[in-house]
**Student:** 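Provided herewith is a single structure, encoded as structure tokens, for subsequent inquiry.
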Amino acid sequence: MKVLANDGVSQSGIDHLESNGFEVITTKVAQEQLIDYLNKHQIEVILVRSATKVRKDIIDACPSLKIIGRGGVGLDNIDVEYAKEKGVKVINTPAASSASVAELVFAHLLSGVRFLQNANRDMPLEGESKFKDLKKNYAKGVELRGKTIGIIGFGRIGQATAKIALGLGMKVIASDGYVDEATIELDFFDGQKVDFTIKTISKEELLKNSDFISLHVPSQKEYVIGKQEIEMMKDGAGIINAARGGVIDEVALVEALDKRKLSFAGLDVFESEPKPEIKILMSPYISLTPHIGGSTNEAQDRIGLELANQIIEILN
Ligand SMILES: O=C(O)[C@H](O)COP(=O)(O)O
């Protein structure tokens, strides 16, 4: 059986599939050539991340396709319902990358409160006075400890974010249309465990009371954070989006940053992905990464193995 991993897959996943008799092809096929390639090579399983789109046209035109595997969480690049109607199984790995995404949230958060995104770039080669100026420019950092983080979307990644926040001594509040409460288990190096139960509150209450906000919601039609929501936020708050581009209104965000209503933003995803708008790229108040929340060796290893296990189970 042939598997095309069009956006790549970990070696652990390849090894597991191959040792179970699958042929794994890791050639990157351009979107517009996919139908021809899948048919020519009689591919039964296509594995993708967020780059390759598997829409109706591919599902209709490729009768050999039995499984569409998404290495990661978001299924917005796949016509899931249509695939199901046509008897094509869609699988993903909803838990494998939670810790990695949550850690990236804190990379952005720490960058925001200590100005790393600019300080790195501004470090002078020499000149004592330039160092002094820089020290002054970046002198007003703030600690995360004791501050309140508001987590919008309290599923797996939101809860993984809460876990790190609690470890740092932050207060955690959360809102979610579907989750009433969640128990976060903190495990310590000596085997001790402490449970924290967090009850969700309304989005409005969260917006008003958070020093920092982190978004963990799927892609949706309306902005989760628009002009109105930004108005409700505390003056000087920071915001992180490692969820999906389009959940924050970027025009309203840049305006709020320029007016210093908000102090910083950390964005791993953009409305105009893969390329952020120029106003986002140029803002000194935004820390940027190119959609790499799930891109750690550990997460990708787990993803590859989990996909391989699911494929083997379904097709055997
Ligand atoms: O939905 C996801 O899992 C993340 O957005 C990761 O996307 P990626 O696999 O393209 O990095």
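Both backbone and side-chain heavy atoms feed into the values below; hydrogens, waters and symmetry mates do not. For ligands, and for the atoms within them, numbers begin at 1 and follow the listed sequence.
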**Student:** Answer yes or no for R260 and Y285: cation-pi contact, defined as NZ/CZ to six-membered ring centre under 6.0 Å and angle to ring axis within 45°.
**Tutor:**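 The answer is yes, since R260 meets both limits relative to Y285.
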**Student:** Looking just at side-chain N and O atoms, do Q11 and D15 make a donor-acceptor pair shorter than 3.5 Å?
**Tutor:**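 Looking only at side-chain atoms, D15 and Q11 do form a donor-acceptor pair, the distance falling under 3.5 Å.
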**Student:** Answer yes when D7 and K28 have at least one side-chain N-carboxylate O distance shorter than 4.0 Å, and no when they do not.
**Tutor:**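 Judged by the 4.0 Å cut-off on N to carboxylate O distance, D7 and K28 do form a salt bridge.
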**Student:** Check K2 with E44, please: is the shortest side-chain N to carboxylate O separation under 4.0 Å?
**Tutor:**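 So E44 does not pair with K2 through a salt bridge.
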**Student:** Would you call E185 and K163 a salt bridge, taking side-chain N to carboxylate O under 4.0 Å as the test?
**Tutor:**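 K163 and E185: not salt-bridged.
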**Student:** Are L186 and F196 close enough that some pair of their side-chain heavy atoms sits under 4.5 Å apart?
**Tutor:**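 Counting from C-beta outward, L186 and F196 do come under 4.5 Å.
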**Student:** Which protein residues have a heavy atom under 4.0 Å from ligand 1?
**Tutor:**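 Heavy-atom contacts below 4.0 Å: R49, S50, R70, G71, G72, V73, G74, R244, H291.
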